[in-house]
Amino acid sequence: MMLWDAFVLSWWILFPAYAANMFPPFAKGRHPVDFGANFFDGKRLLGDGKTFEGLALGLLAGTLVGGLEACTRPFWNTIAGQYGAVMPTMTIWVGFTIALGALLGDMAGSFIKRRLSIGRGGNAPLLDQLNFIFGAIALSYWFTEISIWMMLFMFLLTPLIHRLSNIIGYKIKVKSVPW
Ligand code: CTP
Ligand code: MG
């Protein structure tokens, strides 16, 4: 069924995007992408939460996950083929465009937050969770196959996964609050 295909194939794009979004904090970056500069409103362009180190690690992680998918694609295609589906194109390059798109989307989100006077790390529900997916889709769309249904699933799944992982993080005591 078409919807089921779209649901399954969505993960193919989501994994590299999630990797690009999850790894930057581990870089413990200290060199902000905006070089500490302010915008016309006197507030930071992006803020200290967007660093070159985080950017590099996110790009590396997302591209590696894409590369891993590329290597195993023939295997997944034999399974998908049984349901008449084909995995979307995946290469190191496609993985890179997903990761770069995710990180650019994330930075666009920070730019918007700063304009709304939301400080670094401040909560912006949906904006925080959807900007990187929007960026990942907008850039990789030109290099792989992403249907409108896949887009829909990716936008629906991401806030749910975000919420779920926070609850799990709270239960296993990695996080102090369940949101
Ligand atoms: N990070 C980074 N470089 C990036 C993206 C993220 O160094 N390009 C690191 C930062 O240490 C950041 C952390 O990952 O604090 C979490 O990322 P995110 O939630 O996107 O940043 P916030 O600190 O919440 O900042 P903002 O309000 O601008 O989203
Ligand atoms: Mg944040």
Side-chain angles (χ1 to χ4, degrees), residues 10-11 13-69 92-144 151 153-179:
S10 291
W11 297 94
I13 309 296
L14 286 177
F15 283 132
Y18 287 166
N21 192 56
M22 275 174 56
F23 275 85
F26 298 108
K28 303 245 180 289
R30 299 200 306 110
H31 299 89
V33 174
D34 67 5
F35 294 101
N38 289 340
F39 196 56
F40 302 113
D41 54 12
K43 301 201 169 67
R44 283 289 292 278
L45 209 52
L46 301 175
D48 287 331
K50 307 295 120 154
T51 69
F52 283 108
E53 293 93 331
L55 200 60
L57 190 63
L59 276 179
L60 188 73
T63 306
L64 275 177
V65 171
L68 208 71
E69 288 186 359
I92 295 268
W93 166 250
V94 171
F96 178 78
T97 63
I98 293 173
L100 181 64
L103 287 152
L104 288 175
D106 178 53
M107 288 195 282
S110 292
F111 178 79
I112 295 169
K113 280 167 77 176
R114 297 305 90 83
R115 304 291 70 76
L116 298 173
S117 301
I118 302 171
R120 179 230 173 136
N123 249 337
L126 292 186
L127 190 72
D128 275 333
Q129 295 140 39
L130 293 182
N131 258 281
F132 80 96
I133 283 299
F134 181 82
I137 294 172
L139 191 57
S140 66
Y141 177 82
W142 309 98
F143 307 101
T144 184
M151 291 184 198
F153 274 121
M154 289 192 261
F155 282 119
L156 280 173
L157 284 168
T158 302
L160 286 177
I161 292 161
H162 201 262
R163 184 88 183 86
L164 208 69
S165 63
N166 285 341
I167 292 173
I168 292 169
Y170 172 71
K171 291 260 190 239
I172 62 171
K173 298 182 165 56
V174 172
K175 283 187 85 246
S176 55
V177 289
W179 55 81

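Counting starts at 1 for both ligands and their atoms, following the listed order. From a predicted model like this one, the values you see are computed outputs, not experimental measurements.
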Checklist entry - Under 3.5 Å, is there a donor-acceptor pair between the side chain of D34 and the main chain of G36? => result yes
Item to check | Ligand-residue contact atoms, ligand 1 with P25, heavy atoms, under 4.0 Å | outcome: 9 (C), 13 (C), 14 (O), 16 (C)
Next on the checklist: Under 4.0 Å and counting heavy atoms only, is there anything from the protein next to atom 19 (O) of ligand 1?
Outcome noted: no
Checklist entry - Could an N or O of ligand 1 be found under 3.5 Å from any N or O of G49, whether backbone or side chain? => result yes
Checklist entry - Heavy-atom contacts under 4.0 Å between D106 and ligand 1: side chain, backbone, both, or neither? => result side chain
Item to check | Minimum side-chain heavy-atom gap I161-Y18 below 4.5 Å | outcome: yes
Checklist entry - Can you list the atoms of ligand 1 that are under 4.0 Å from a heavy atom of T51? => result 2 (C), 3 (N), 4 (C), 7 (O), 8 (N)
Item to check | Validation row: I112, L127 side chains within 4.5 angstrom (heavy atoms) | outcome: yes
Checklist outcome for this item: For G121, the atoms of ligand 1 under 4.0 Å from one of its heavy atoms are 22 (P), 23 (O), 24 (O), 25 (O), 26 (P), 27 (O)
Checklist entry - Of the protein's non-hydrogen atoms, which lies at the shortest distance from atom 21 (O) of ligand 1, and what is that distance? => result K50 NZ, 3.4 Å
Next on the checklist: Less than 4.0 Å is my threshold; does some heavy atom of A27 fall inside it relative to ligand 1?
Outcome noted: no
Item to check | Option nearest atom 23 (O) of ligand 1 (shortest heavy-atom distance, choices R120, R44, E53) | outcome: R120
Next on the checklist: Out of all atoms in ligand 1, which are within 4.0 Å of some heavy atom of G119? Include the element for each.
Outcome noted: 27 (O)
Item to check | Exceeds 12 heavy-atom contacts within 6.0 angstrom, atom CZ of F26 | outcome: no
Checklist outcome for this item: Taking only non-hydrogen atoms of R114 and a 4.0 Å limit, the atoms of ligand 1 in range are 26 (P), 27 (O), 28 (O)
Next on the checklist: I need the full list of side-chain hydrogen bond (donor to acceptor under 3.5 Å, both in side chains) pairs touching residues 48-68, with sequence neighbours left out, sorted by first then second residue.
Outcome noted: H31-E53, R44-D48, K50-D106, K50-S110
Next on the checklist: Would you say the ring centers of F35 and F52 fall short of 6.0 Å from each other?
Outcome noted: yes
Checklist entry - Which of the numbered atoms in ligand 1 are below 4.0 angstrom from a heavy atom of S110? => result 26 (P), 28 (O), 29 (O)
Checklist entry - Looking only at side chains, do Y141 and T97 share a donor and an acceptor under 3.5 Å apart? => result no
Item to check | Side chain, backbone, both or neither: the part of K28 lying under 4.0 Å from ligand 1 by heavy atom | outcome: neither
Checklist entry - Aromatic rings F111 and F39: how do their planes relate, parallel, tilted or perpendicular, breaks at 30° and 60°? => result perpendicular
Checklist outcome for this item: Those residues at least two apart in sequence (or on a different chain) that pass salt bridge (charged side-chain N to carboxylate O under 4.0 Å, His left out) with R115 are D41
Item to check | K113 and ligand 1 - part of the residue with a heavy-atom distance under 4.0 Å | outcome: side chain
Checklist entry - Heavy atoms, side chains only, cut-off 4.5 Å: are K113 and D128 in contact? => result yes
Checklist entry - Looking at ligand 1, does M107 have a heavy atom less than 4.0 Å from it? => result no
